[in-house]
Amino acid sequence: MWQRIQTLYFAIATGLVASMFFSNIATVIGPGGEELGIRYYEKASYLVLMIMILTAQVCALFSYKSRFLQARVGIISGLLLIGFQIWLAIDFFRFMGQMTFSVTMLFPLAAAFLDFIAARASLVDEMTVQSIKAIKTKRRNRK
């Protein structure tokens, strides 16, 4: 499982997405000066999307035996992460003056980048294996 680089990329991306469950999205300063942290899971739509993304990440991470499936699930997860990042950016620009946002808002973008790189590496591995098999069968048929 850990012999290929794409597994490491999927593991890092899964860790980034999982860490968002324990992180604040923003901090609001109240009228008394107290800081109130807002977490990702407090907004139900964020929670549902993060659960979907985490499920896709885990499936991509553990489907290392089927490289085409791993690449497809990785691409789907990357697209979900891009959509989530766009949604976070819209909320950022909507509430920019009222809240102080954390750096974890960029985690979906980093995880999507890792997913696309891992999916590409997975497809390259599968194409290499298929071409080696085709060469071996061609050599056997000649003899």
Side-chain angles (χ1 to χ4, degrees), residues 1-30 34-143:
M1 175 176 166
W2 295 103
Q3 291 121 2
R4 295 190 299 269
I5 191 70
Q6 62 264 26
T7 308
L8 178 65
Y9 292 152
F10 281 127
I12 293 170
T14 303
L16 286 173
V17 172
S19 70
M20 291 175 67
F21 282 99
F22 308 105
S23 303
N24 289 336
I25 185 172
T27 305
V28 177
I29 298 176
E34 69 276 356
E35 292 184 0
L36 176 66
I38 301 170
R39 298 208 177 249
Y40 285 97
Y41 61 81
E42 291 176 1
K43 190 171 180 181
S45 54
Y46 284 173
L47 179 64
V48 170
L49 192 56
M50 283 179 21
I51 289 171
M52 288 172 43
I53 292 169
L54 187 64
T55 303
Q57 288 292 134
V58 170
C59 288
L61 180 63
F62 289 109
S63 63
Y64 58 91
K65 290 186 179 181
S66 175
R67 292 181 189 99
F68 275 134
L69 176 66
Q70 186 180 39
R72 288 178 184 152
V73 174
I75 290 171
I76 290 171
S77 177
L79 291 174
L80 284 171
L81 284 162
I82 293 292
F84 188 45
Q85 183 65 53
I86 291 170
W87 195 354
L88 289 174
I90 290 170
D91 283 350
F92 173 76
F93 288 117
R94 191 169 28 159
F95 300 114
M96 192 171 15
Q98 302 161 353
M99 298 181 191
T100 305
F101 290 93
S102 69
V103 75
T104 60
M105 284 188 66
L106 298 176
F107 282 6
L109 187 63
F113 181 72
L114 289 170
D115 279 349
F116 291 135
I117 291 175
R120 180 179 176 267
S122 184
L123 286 174
V124 167
D125 277 356
E126 181 62 26
M127 286 187 277
T128 304
V129 168
Q130 292 296 326
S131 65
I132 290 171
K133 284 181 183 178
I135 290 171
K136 285 182 180 180
T137 57
K138 188 183 268 188
R139 285 184 184 168
R140 273 190 227 138
N141 291 336
R142 281 189 198 168
K143 294 180 182 180

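Treat the numbers as computed from the prediction; the structure is a model and nothing was measured.
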**Donor-acceptor contact present, side-chain T137 to main-chain K133, <3.5 Å** = yes

**Request:** Can you tell me which residue pairs pass the ring pair (Phe, Tyr, Trp, His ring centres under 6.0 Å) test with a partner in residues 100-124, sequence neighbours excluded?
**Result:** F92-F101

**Asked** Which heavy-atom pair separates G74 from F10 by the least distance, and what is that distance?
**Response** CA-CE2, 3.7 Å

**Selection residues 12-26 - residue pairs positive for side-chain hydrogen bond (donor to acceptor under 3.5 Å, both in side chains), sequence neighbours left out** = T14-Q57

**Prompt:** Can you name the closest pair of heavy atoms from C59 and S63 and give their distance?
**Reply:** O-OG, 2.9 Å

**Fill in**
The complete set of side-chain hydrogen bond (donor to acceptor under 3.5 Å, both in side chains) pairs with one or both residues in residues 44-55, sequence neighbours excluded, reads Y46-D91

**Request:** Work out which heavy atom in I38 is nearest to a heavy atom in M99; give both atom names and the distance.
**Result:** CD1-CE, 4.0 Å

**Message:** Just to verify, what does Y40 make a side chain to side chain donor-acceptor pair (under 3.5 Å) with, not counting sequence neighbours?
**Reply:** T104

**Request:** Could you check if a side-chain atom of Q6 sits within less than 4.5 angstrom of a side-chain atom of I117, using non-hydrogen atoms only?
**Result:** no

**Qualifying residues under salt bridge (Lys or Arg N to Asp or Glu O under 4.0 Å), relative to E42, sequence neighbours excluded** = none

**Prompt:** Are any of the side-chain heavy atoms of I51 and F21 separated by less than 4.5 Å?
**Reply:** yes

**Message:** Rounded at 0.5 Å granularity, tell me how far CZ in F84 sits from CG in L49.
**Reply:** 5.5 Å

**Prompt:** How would you list all residue pairs meeting salt bridge (Lys or Arg N to Asp or Glu O under 4.0 Å) that involve residues 48-71, not counting sequence neighbours?
**Reply:** R67-E126

**Test side chain to side chain contact (heavy atoms under 4.5 Å, CB included) applied to I86 - qualifying residues, sequence neighbours left out** = I82, I90

**Request:** Could you tell me which non-hydrogen atom of G78 sits nearest to which non-hydrogen atom of A112, and how far apart they are?
**Result:** O-CB, 3.7 Å

**Asked** What heavy-atom pair brings L61 and T7 nearest, and what distance separates the two atoms?
**Response** CD1-O, 3.5 Å

**Prompt:** Could you give all pairs that pass the salt bridge (Lys or Arg N to Asp or Glu O under 4.0 Å) test and reach residues 112-123, with sequence neighbours left out?
**Reply:** none

**Request:** May I have all residue pairs that pass salt bridge (Lys or Arg N to Asp or Glu O under 4.0 Å) and include part of residues 68-86, sequence neighbours excluded?
**Result:** none

**Prompt:** Which residues pass the side chain to side chain contact (heavy atoms under 4.5 Å, CB included) test with M127, sequence neighbours left out?
**Reply:** L123

**Message:** How long is the straight-line distance from CD1 of I25 back to CG of L88, given to the nearest 0.5 Å?
**Reply:** 5.0 Å

**Asked** By side chain to side chain contact (heavy atoms under 4.5 Å, CB included), which residues pair with A111, not counting sequence neighbours?
**Response** A13, L16, V17, L81

**Message:** Would the distance check show the side chain of Q70 and the main-chain N or O of A60 forming a donor-acceptor pair, the cut-off being under 3.5 Å?
**Reply:** yes

**Gap between atom CD of E34 and atom CD1 of I29 - 0.5 Å precision** = 9.5 Å

**Complete:** Residues pairing under salt bridge (Lys or Arg N to Asp or Glu O under 4.0 Å) where one sits in residues 7-22, two or more places apart or in two chains, turn out to be none

